[in-house]
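Reading through the structure tokens given below for one structure.
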Protein chains: 2
Amino acid sequence: MSLRFALLGLLDVQPSSGYDLTQRFARGIGSYAWSAKHSQIYPELRKLTDEGLIEITETGARGRKTYAPTPAGREELRGWLLGKPNAGGARNEFVLRLFLLSSLEPEEAVAVLDGTLRFAREQEALLEQEFAAAVAEAGVPSGSSPGLAARYGIHSYRALAEWADWARAAIAGDPTFGHRR
Amino acid sequence: MSLRFALLGLLDVQPSSGYDLTQRFARGIGSYAWSAKHSQIYPELRKLTDEGLIEITETGARGRKTYAPTPAGREELRGWLLGKPNAGGARNEFVLRLFLLSSLEPEEAVAVLDGTLRFAREQEALLEQEFAAAVAEAGVPSGSSPGLAARYGIHSYRALAEWADWARAAIAGDPTFGHRR
DNA sequence: GAGGCCATGTAATGAGTTACATGATTAT
DNA sequence: ATAATCATGTAACTCATTACATGGCCTC
């Protein structure tokens with residue numbers, strides 16, 4: 001049920017084709033918020049069109065169709081954003097791994113955490129650049145949607161790095177880690 | 001495909017019944033890592049049993065069956081943990097909302113962020129207590145799995161709060177926010 | 001003995017992935 | 001011309017949720 005709102009939201013920021021949306025889900029937003037494949041996107045665009053929530057605003061080469069939300073679609077999106085979020089139900093394989101680390105031997109767990117730490121710092125740096133680019137392009141302000149998203153990523157990767165760093169030390173100093181007999 | 005590893009991991013930390021696992025998915029781990037309903041858990045436990053990856057170690061009242069991983073199951077889990085994580089594909093409705101905030105009027109977006117900020121601080125405080133309890137119970141060390149998970153939550157809620165705080169200010173200072181005509 | 005929670009299961013439906021399939025345009 | 005990428009769609013399958021269904025145990 002969230003996919004439709006993800007699509008409405010992305011289209012509201014920037015009218016796009018199914019192909020464009022597929023790319024946008026594969027990077028950025030797809031890493032922390034939501035992701036979908038083209039085989040799910042195209043049928044959903046069809047449904048949204050049939051329900052009058054989006055419309056084709058432009059057609060281009062290779063059968064390309066650019067969609068944008070209709071006023072009804074914007075209302076739908078607003079209603080969802082202002083409604084109560086239903087918590088829970090998160091799915092993140094990457095985080096799941098970290099939660100299950102205690103099934104490894106301490107040295108192995110430390111090695112995994114080292115990898116995590118490197119990865120988190122890398123991503124953080126990457127997003128820092130992206131954010132700078134967004135700011136530069138938009139002029140002065142930074143509260144535009146690409147900026148918000150990049151900044152969110154920066155904060156969460158920094159948190160991940162800090163945690164990994166702490167966890168590494170905690171495991172090393174915990175003789176009971178791994179509860180192996 | 002991740003569900004089976006989530007189950008193996010949870011059972012490795014603490015042998016449990018399907019009912020117990022359902023509860024564990026509903027709180028803690030279910031908020032950031034993975035979640036599942038009992039109707040998915042029971043059939044998966046059956047499959048894992050048939051494949052010899054877990055076994056019933058105890059039966060109790062009301063048909064209660066306590067499962068634990070077999071050596072083969074532990075190997076399976078280890079293999080997955082040490083393998084390469086396939087990135088992307090995260091799903092988090094809560095974060096999705098935040099990404100789509102620019103479809104609201106500035107004042108509305110700020111109100112949502114205020115709610116987010118309160119929520120994040122609340123959760124952080126709650127986990128801080130939980131962590132303290134985990135440390136107290138386990139004796140001195142803090143690297144045991146409940147401690148790791150709680151600590152992860154603390155870091156990510158703190159990051160969320162920091163971001164929400166920043167985003168609030170950024171939106172207020174951005175005249176182009178909401179790109180409404 | 002009644003109400004609540006513990007405990008397990010199945011069926012129907014919906015969401016999401018992988019694989020199959022096709023063709024137009026662009027750059028080299 | 002040929003390879004890469006753009007662009008859309010469908011089919012088969014697996015994963016996940018909601019709803020249906022049943023019964024035992026425990027407390028009051």
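Protein chains get the first letters and strands the later ones, always in sequence-line order, with residue 1 at the start of each.
Contact check, B:R4 against D:dC15: no side-chain N or O comes under 4.0 Å of OP1 or OP2. When the side-chain nitrogen and oxygen atoms of A:Y42 are compared with OP1 and OP2 of D:dG9, none of them lie within a distance under 4.0 Å. The side chain of B:S17 contributes an N or O atom lying less than 4.0 Å from OP1 or OP2 of C:dT8. Taking 4.0 angstrom as the limit, A:R91 places a side-chain polar atom (N or O) nearer than this to OP1 or OP2 of D:dT17. Between A:Y19 and D:dC6 there is a side-chain N or O to OP1 or OP2 distance below 4.0 Å.
One interatomic measurement links the two molecules: NZ of A:K65 to P of D:dA7, which rounds to 13 Å at whole-angstrom precision. Atom CD1 in B:I41 sits about 15 Å away from atom P in C:dT10, given to the nearest Å. With rounding to whole Å, B:M1 atom CE is found 15 Å from C:dG16 atom C1'. In this structure, B:R24 atom CZ and C:dA7 atom P are separated by 14 Å, rounded to whole Å. Computed from coordinates, the B:E44 CD to D:dT14 P distance equals 13 Å when rounded to whole Å. If you take NZ of B:K47 and C1' of C:dT10, they are 15 Å apart, rounded to a whole angstrom. Residue A:Y67 contributes atom OH, which lies 13 Å from atom P of D:dA7 at whole-angstrom precision. Atom CZ of B:R46 and atom P of C:dG9 are 6 Å apart (whole Å).
For the pair A:V95 and B:Y152, the minimum side-chain heavy-atom distance is below 4.5 Å.
B:I54 CD1 to B:L48 CG: the interatomic distance, rounded to the nearest 0.5 Å, is 4.5 Å.
With A:W163 as the aromatic partner, B:R151 does not meet the cation-pi criteria of under 6.0 angstrom to the ring centre and within 45 degrees of the ring axis.
Using modelled atom types, one finds a donor on one side chain and an acceptor on the other under 3.5 Å when comparing B:R24 with B:S16.
Aromatic pair A:F99/B:F5: ring centres not closer than 6.0 Å. Ring centers of B:F94 and B:F119: under 6.0 Å apart, within the cut-off.
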Dump every N/O contact between nucleotides 23-28 of chain D and the protein below 3.5 Å, one line per pair.
from: D:dG24; atom 1: N2; to: B:R62; atom 2: NH1; distance (Å): 3.4

Under 3.5 Å, N/O pairs linking protein and nucleotides 18-20 of chain C:
from: C:dT18; atom 1: OP2; to: A:K37; atom 2: NZ; distance (Å): 3.4
from: C:dT18; atom 1: O4; to: A:S39; atom 2: OG; distance (Å): 2.6

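Across all their heavy atoms, A:A120 and A:L160 have their closest contact at CB-CD2, 4.0 Å. Across all their heavy atoms, A:L117 and A:A164 have their closest contact at CD1-CB, 4.0 Å.
With B:Q14 contributing its side chain and B:L11 its backbone, the two residues share no donor-acceptor pair below 3.5 Å.
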